[in-house]
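Worksheet: the structure to be examined is printed underneath.
Every number for a ligand or one of its atoms is a count from 1 in the order of the listing. The first residue in the sequence is number 1, and the count goes up from there.
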Amino acid sequence: MKQPIGIFDSGYGGLTVFKEIQKKLPQYDYIYLGDNARCPYGIRSFETIYEYTKNCVSKLFEFNCSLIILACNTASAKALRSIQMHDLPEGKKVLGVIRPTTESINEYTKNGKVGILATEGTVLSNSYRIEINKFFPEIEVFQHACPLWVPLVESNEINSEAARIIIKKDIDQLLAQAEDIDTIVLACTHYPLLLPLIKECTPKNIRILTQGELVAEKLANYLQRHPEVEKNCSKNGTTLFYTTDQASDFERNAEVFFEKKVKAEHLLI
Ligand code: DGL
């Protein structure tokens, strides 16, 4: 019986991570679930994000996934810990994207000043500061929430003049906290779609970090270190896409994020 690896996001953003995971580990079976009907998560309360994420994770367990990656920073920040503590059936694992990003941040920053751009939910949770300082207490973390960026991406406004103005303002506000920040983490899986504009609006000496490759690398490493989890993941190289909204919309928009055509099915949660 197939035991796919589950990949979850509130919408399309997780596809930027999944794209890299599938490139790095093409042998496994995958199920991607986007909760597009209830996206964005980033502006919602802790209780709501936990409830929504738990629903989707349960659905992926029903599909026989024994390992699930929350390819969403907001869900990783607000729901992962509670799910790990209260909602994991025997032998099932759920992992997030914050730890893989934070545990090696010292390889990127030279002066120990790191900026985090993320949703309001992720910033308010303070998860990035807490996680980074757990590994590297000397690193200073500056955070700024960008509530308009996910709506820009979800509505495919990724090259517009309006997007440029909004992005410039948010980056200026982050740098106003410390102008010598040398590394900025795009701590939302939607943001890589805005990368060309983000680069345009950021001083050239600042390194901009996206999560896809990093998470894929860390997952490969995790599977090597955990043969008891790896042996439960089936290997036929198949992928299924599910969305809680209209499948035709998902198929049209997903291509921008995934850089490949996809076939999707609607899922009622
Ligand atoms: N892609 C999600 C993240 O990484 C956020 C999108 C949302 O607000 O739903 O945080």
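Atom 2 (C) of ligand 1 has C72 SG, 3.4 Å as its closest protein atom, hydrogens excluded (heavy atom only). Shortest contact from atom 8 (O) of ligand 1 to any protein heavy atom: G42 N, 2.8 Å. Protein heavy atom nearest atom 10 (O) of ligand 1, with residue, atom name and distance: T74 OG1, 2.7 Å. N73 N, 3.2 Å is the protein heavy atom nearest to atom 3 (C) of ligand 1. Protein heavy atom nearest atom 6 (C) of ligand 1, with residue, atom name and distance: S10 OG, 3.3 Å.
Of the N and O atoms on the side chains of Q27 and N236, not one donor lies less than 3.5 Å from an acceptor on the other residue.
Using a 4.0 Å cutoff on heavy atoms, G11 does not count as a contact of ligand 1.
The pair K263-E251 counts as a salt bridge, with a side-chain nitrogen and a carboxylate oxygen less than 4.0 angstrom apart. The pair K169-D172 fails the salt-bridge criterion, with no side-chain N (NZ, NE, NH1 or NH2) lying under 4.0 Å from an Asp/Glu carboxylate O. Salt bridge status for E255 with K260: absent, with no side-chain N to carboxylate O gap under 4.0 Å. Between E103 and K218, at least one side-chain nitrogen of the basic residue sits less than 4.0 Å from a carboxylate oxygen of the acidic one, meeting the salt-bridge criterion. Salt bridge present: K113 and D180 bring a charged side-chain N and a carboxylate O closer than 4.0 Å.
Taking every non-hydrogen atom of T119 and a distance limit under 4.0 Å, the qualifying atoms of ligand 1 come out as 5 (C), 8 (O), 10 (O). Heavy-atom proximity to C39, at under 4.0 Å, picks out these atoms of ligand 1: 9 (O).
Proximity of D9 to ligand 1, defined as any heavy-atom pair under 4.0 Å, is confined to the side chain (atoms from C-beta onward). Under 4.0 angstrom from ligand 1, the non-hydrogen atoms of V150 all belong to its side chain.
When each of F241, F18, F258, F257 is tested with Y12 by the rule ring-ring contact (aromatic ring centres under 6.0 Å, His included), just one qualifies, namely F257.
For the pair K54 and Y52, the cation does not sit on the ring face, since its NZ or CZ is not both under 6.0 Å from the ring centre and inside 45° of the axis.
Between T122 and ligand 1, no N or O atom pair is found at a separation short of 3.5 Å.
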